[in-house]
Amino acid sequence: MFSPKPNSILKSVAGLCFLASGTLMLSACNDDTAQQNSAVKQTTASLPVQVSYLDRSLLAPNSQLTVTLVDVSKMDVAATVISEQVIDLVGAPPYKVELEYNLEKIDPAHRYSVRATINNQGNLLYTSTTSNSPFANTASSKPLEIIVSKVASKPDVDLVNTYFKAVLIDGNPVEVNTKEPFIQFNSDNTVHGFLGCNNFNGGYEVSKQTVTFTQLATTQKMCHENMEQESAMAGVLQAATQWQINGEKLVLQNEAGKQLATFNAVYF
């Protein structure tokens, strides 16, 4: 009968030991990974939220829903934001959101609320008006239901004698270093404002929603900053032929209806 040599037996035993050791190490690594994943899961939670409004209005394209979990324990100070999520809205309500938050930021002794707003291009359309406690019924698996109310639109400001600061020029946000670009239409059919470096003045004529700028003149100050923005603002005045006011927002457009610049009314 064949009998294995002593060296062969030793090698076989060593190989088995090595395999056993590797298996133990792999098992230990898997345990560590599982523990780490478990730790991550234990520090985060998901809050299902459902947002609706009661009227039958259709939202304009590019509307967005913002859902925010806040700590409202402290009086007379701004609420502390725990978590926030913004989603683009398509279709009709209800809108469902899974709001993730860090469990370590939740103190059982504090009070919390979930707020919801619907905006479109910076305009607030709907907002929640009641406190919505997210942890009042932790045993229920149903989403937290929030009803948002329509925000009353502000009356349109007058074109004349209103200070309008520029906020968008050629689709780009306005940068302000020392003074904001603005335009003001006066009741005597003169217009004046600031381009970003130089002041301007001239005349204007309005017929319904059309506008014509006349005899525009500017100061000749040399600047090293915001010259590109100043040039764009000057180009708006040259190309603008139409105007629209919605609430406190003024929009200047060219003859084709392209939006050239957006201004917001400012009160002093």
Side-chain angles (χ1 to χ4, degrees), residues 60-66 68 78-81 84-89 115 117-125 127 151 153-186 190-204 206 209-268:
N62 302 319
S63 294
Q64 291 184 316
L65 169 66
T66 301
T68 310
T80 302
V81 175
E84 184 173 88
Q85 186 170 342
V86 180
I87 63 171
D88 296 326
L89 296 181
R115 299 172 179 173
T117 59
I118 298 177
N119 293 267
N120 184 273
Q121 298 182 355
N123 296 318
L124 180 61
L125 305 180
T127 184
V151 176
S153 59
K154 295 181 179 180
D156 293 344
V157 298
D158 292 329
L159 176 68
V160 177
N161 293 332
T162 300
Y163 179 104
F164 290 103
K165 71 172 183 179
V167 292
L168 287 174
I169 299 177
D170 287 342
N172 299 313
V174 170
E175 296 181 3
V176 179
N177 287 335
T178 57
K179 183 179 178 181
E180 62 197 11
F182 76 92
I183 187 170
Q184 186 166 357
F185 298 85
N186 304 312
T190 62
V191 62
H192 73 279
F194 182 65
L195 299 174
C197 173
N198 287 284
N199 298 313
F200 72 90
N201 59 72
Y204 74 94
V206 168
Q209 299 307 127
T210 63
V211 61
T212 303
F213 294 101
T214 60
Q215 298 179 335
L216 291 176
T218 68
T219 56
Q220 301 298 315
K221 181 181 177 181
M222 294 297 296
C223 302
H224 299 289
E225 296 180 348
N226 280 358
M227 288 307 297
E228 184 176 347
Q229 182 171 275
E230 164 143 333
S231 178
M233 179 73 171
V236 168
L237 300 179
Q238 294 176 356
T241 59
Q242 302 180 58
W243 64 278
Q244 299 286 340
I245 286 182
N246 183 10
E248 297 181 332
K249 181 169 69 175
L250 165 68
V251 175
L252 293 181
Q253 303 168 316
N254 63 13
E255 191 173 1
K258 178 184 177 181
Q259 185 169 306
L260 302 175
T262 301
F263 304 80
N264 285 344
V266 176
Y267 307 98
F268 298 97

Listed partners of D158 passing side chain to side chain contact (heavy atoms under 4.5 Å, CB included), at least two apart: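 Here the qualifying residues are T162.
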Could you note down all residue pairs passing salt bridge (Lys or Arg N to Asp or Glu O under 4.0 Å) where residues 237-248 supplies at least one of them, sequence neighbours left out?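 Checked against salt bridge (Lys or Arg N to Asp or Glu O under 4.0 Å) - neighbours excluded - the pairs reaching residues 237-248 are K154-E248.
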To the nearest 0.5 Å, what is the distance between [atom1] ([X]) and [atom2] ([Y])?
X	Y	atom1	atom2	result
L65	I87	CG	CD1	4.5 Å
I245	L159	CD1	CG	5.0 Å
L216	N201	CG	CG	8.0 Å

Considering non-hydrogen atoms only, spot the tightest contact between [X] and [Y] and give its length.
X	Y	value
A60	S63	O-OG, 2.7 Å
T218	F200	CG2-CB, 3.7 Å
G203	V191	O-CG1, 3.8 Å
F263	L252	CE1-CD1, 3.7 Å
V251	Q259	CG1-CG, 3.4 Å
D156	G247	OD1-N, 2.7 Å

Does the pair N62 and N120 meet the rule for a side-chain contact (heavy atoms from CB on, under 4.5 Å), with working shown? CA-CA 6 Å; N62 302 319; N120 184 273; 4.2 Å; yes
Holding to side chain to side chain donor-acceptor pair (under 3.5 Å), I want the full list of residues that pass it with [X], two or more places apart in sequence or in another chain.
X	result
Q209	none
T117	N119
Y163	E180

Is the positively charged end of K165 above the ring of F182, judged by distance under 6.0 angstrom from the centroid and angle within 45° of the axis?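 No; the conditions do not both hold, so K165 does not lie above the ring face of F182.
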Which donor-acceptor pairs under 3.5 Å do side chains of residues 228-243 form with protein atoms, sequence neighbours excluded?
residue, atom, partner, partner atom, Å
Q229, OE1, E175, N, 2.9
Q229, NE2, E175, O, 2.9
E230, OE1, C197, N, 2.5
E230, OE1, N198, N, 3.0
E230, OE2, N198, ND2, 2.8
T241, OG1, E255, N, 3.1
Q242, NE2, N254, O, 3.0
Q242, NE2, E255, O, 3.2
W243, NE1, K208, O, 3.1

Indicate yes or no: at least one non-hydrogen side-chain atom of Q64 is less than 4.5 angstrom from one of L89.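 No, side chains not in contact.
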If you define the side chain from C-beta out and look only at heavy atoms, does anything of Q253 sit under 4.5 Å from Q244?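 Counting from C-beta outward, Q253 and Q244 do come under 4.5 Å.
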Using the side chain to side chain contact (heavy atoms under 4.5 Å, CB included) rule, pick out the option among L250, I169, L168 that qualifies with T262.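 Between T262 and the candidates, side chain to side chain contact (heavy atoms under 4.5 Å, CB included) is satisfied uniquely by L168.
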Is a side-chain N or O of N199 found less than 3.5 angstrom from the main chain of T219, in a donor-acceptor match?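 Pair absent, no side-chain N/O of N199 close to backbone of T219.
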Would you please test F194 and I183 for side-chain contact (heavy atoms from CB on, under 4.5 Å) and show each step? CA-CA 7 Å; F194 182 65; I183 187 170; over 6 Å; no
Taking atom types as modelled, is there a side-chain donor on H192 or N186 under 3.5 Å from an acceptor on the other?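 Side-chain D/A pair, H192 to N186: present.
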